[in-house]
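Computed from a prediction, not measured in an experiment: that's the story for all the values here.
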Amino acid sequence: LEPTDENFYSTHYFMFMNKVAEALVREMPEKGIVTLAYFGSLPPPACDIHPAITPQWAPYPRVDDKKPLYHPSNRLHLEHLEGWFRKLGPNRLEVYGYWGLGQGFWRPVADAMRYDFQILNRWTVGCTSEVPTWKEEDWDVGGIEYWTMTRLYWDPQQDPDRLRKFYIRRTFREAAPAIEKFYGTMRDRYYADTTPEGISGGAGGIFSRMVMRPNLGEELAGHLAEAEKTVRHPQAAELVKRLKARFDTLYANARKAAEKKGKK
């Protein structure tokens, strides 16, 4: 290989890891190594891979989370996955994803991920994801997507919107109609915006594109106000309160940023 070849670093890395695996199994033959196929090691290497090694394919950075892997914008990752599948088959390759991140404000990425999971379930051992955020306010608004994607892990043929409706009705009880309008309006706006979107934009940037530019803020605030009026169950009321608090904070920050930008 030449240093300019796409899989030069990957081959260099896994040649080294093969030696590590050989040394490991001499002393502890029952042990194995899990290592990331990530950034430079994302393309499949030219060398064979020691049977004690389990690569975890990590498709990052991804160009557009709104599009499945087979979309032209993300096609390079799929080509890498195809190469790994040809090299290892479906029983040795794991997946380390990032669809659990970026939910500081809700991103309905399950609509695209359902198609990815259909491929990944056939070509790999299974999926894990970067650990979702530990911040409570992110769970308050993004918990719906974490739950939806865990259901799709098991059966990616399901409809994400039907799963979300089930979640909303079980979680928000009497406030479900208003909360469905809240999330449904945001989902429509998310996919109407053709800007490629990944996890690096941050909650504020995503929120501004989804809410401030099309002036949806007041409409969304109205849905949450209606939810507060109609909810009765105490746990559901607490979850409505938390969701509204997260929205109000982001909305206030976005308006301040817009005002500051306008003054400049």
Verdict with supporting geometry, Tyr183 and Val141, side chain to side chain contact (heavy atoms under 4.5 Å, CB included): CA-CA 10 Å; Tyr183 278 111; Val141 70; 4.2 Å; yes
Pair Arg62-Asp116, salt bridge (Lys or Arg N to Asp or Glu O under 4.0 Å): steps then yes or no: CA-CA 13 Å; Arg62 183 182 176 124; Asp116 289 4; 2.7 Å; yes
Intermediate values then yes/no, side chain to side chain contact (heavy atoms under 4.5 Å, CB included), Met113 and Leu152: CA-CA 8 Å; Met113 294 304 112; Leu152 291 173; 5.6 Å; no
From CA spacing to verdict: side chain to side chain contact (heavy atoms under 4.5 Å, CB included), Glu219, Thr185: CA-CA 9 Å; Glu219 178 184 344; Thr185 301; 3.6 Å; yes
Worked verdict on Met186 versus Leu220 for side chain to side chain contact (heavy atoms under 4.5 Å, CB included): CA-CA 8 Å; Met186 286 198 297; Leu220 294 171; 3.8 Å; yes
Verdict with reasoning, Lys181 to Glu226, per salt bridge (Lys or Arg N to Asp or Glu O under 4.0 Å): CA-CA 10 Å; Lys181 292 177 183 177; Glu226 180 64 23; over 6 Å; no
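Within the 4.5 Å cutoff, the side chain of Glu2 has no heavy atoms near those of the Phe8 side chain. Side-chain contact between Lys244 and Arg242: absent, with no pair of heavy atoms (C-beta onward) separated by less than 4.5 Å. Contact of the Ser129 side chain with the Tyr98 side chain is not registered, since no non-hydrogen atoms from C-beta on lie closer than 4.5 Å. In this structure, the side chains of Thr128 and Tyr153 stay at 4.5 Å or more apart for every pair of heavy atoms. Taking the side chain as every heavy atom from C-beta outward, Val63 and His71 never approach each other to under 4.5 Å. Contact of the Tyr96 side chain with the Tyr38 side chain is not registered, since no non-hydrogen atoms from C-beta on lie closer than 4.5 Å. Side-chain contact between Thr124 and Leu81 is present, with heavy atoms from C-beta onward closer than 4.5 Å. Side-chain contact between Trp57 and His77: present, with at least one pair of heavy atoms (C-beta onward) separated by less than 4.5 Å.
The closest donor-acceptor contact from the side chain of Arg232 to the backbone of Thr230 lies under 3.5 Å. Remark: the backbone N or O of Asn7 is not paired with any side-chain donor or acceptor of Asp5 at under 3.5 angstrom. Using a distance-only test at 3.5 Å, with no hydrogens or angles considered, a donor-acceptor pair links the side chain of Thr150 to the main chain of Trp147. Judged by distance alone, with hydrogens and angles left aside, the side-chain atoms of Arg92 form a donor-acceptor pair with the main-chain N or O of Ile53 at under 3.5 Å. At distances below 3.5 Å, at least one donor-acceptor pair connects side-chain atoms of Lys87 with backbone N or O atoms of Pro45. The backbone N or O of Pro43 sits less than 3.5 Å from a side-chain atom of Ser10, completing a donor-acceptor pair. Checking side-chain atoms of Arg173 against main-chain N and O of Arg169 turns up no donor-acceptor pair under 3.5 Å. Counting only distance, with no hydrogens or angles, the side chain of Lys165 and the backbone of Ala176 share no donor-acceptor pair below 3.5 Å.
In plain terms, the two heavy atoms of Asn18 and His50 that are nearest each other are OD1-N, 2.8 Å. Here the closest heavy-atom approach between residue Asn121 and residue Pro156 is recorded as ND2-CD, 3.5 Å.
The residues Glu228 and Lys241 are annotated as not salt-bridged, no charged nitrogen and carboxylate oxygen being separated by less than 4.0 angstrom. A salt bridge links Glu145 and Arg164; the closest N-O separation between the charged side-chain nitrogens and carboxylate oxygens is under 4.0 Å. Using a 4.0 Å cut-off between charged nitrogen and carboxylate oxygen, Lys67 and Glu197 do not count as a salt-bridge pair. Of the charged side-chain nitrogens involved, at least one lies within less than 4.0 Å of a carboxylate oxygen, so that Arg246 and Asp138 count as a salt-bridged pair.
In this structure, a donor-acceptor pair under 3.5 Å is present between the side chains of Glu6 and His80.
The side-chain tip of Arg255 points at the ring of Tyr251 from less than 6.0 angstrom away and within 45° of straight on. A cation-pi arrangement is not found for Arg86 relative to Trp84, the charged atom failing to lie both closer than 6.0 Å to the ring centre and inside a 45° cone about the ring normal.
If you take NE2 on His233 and CG on Leu239, they are separated by 10.0 Å, rounding to the nearest 0.5 Å.
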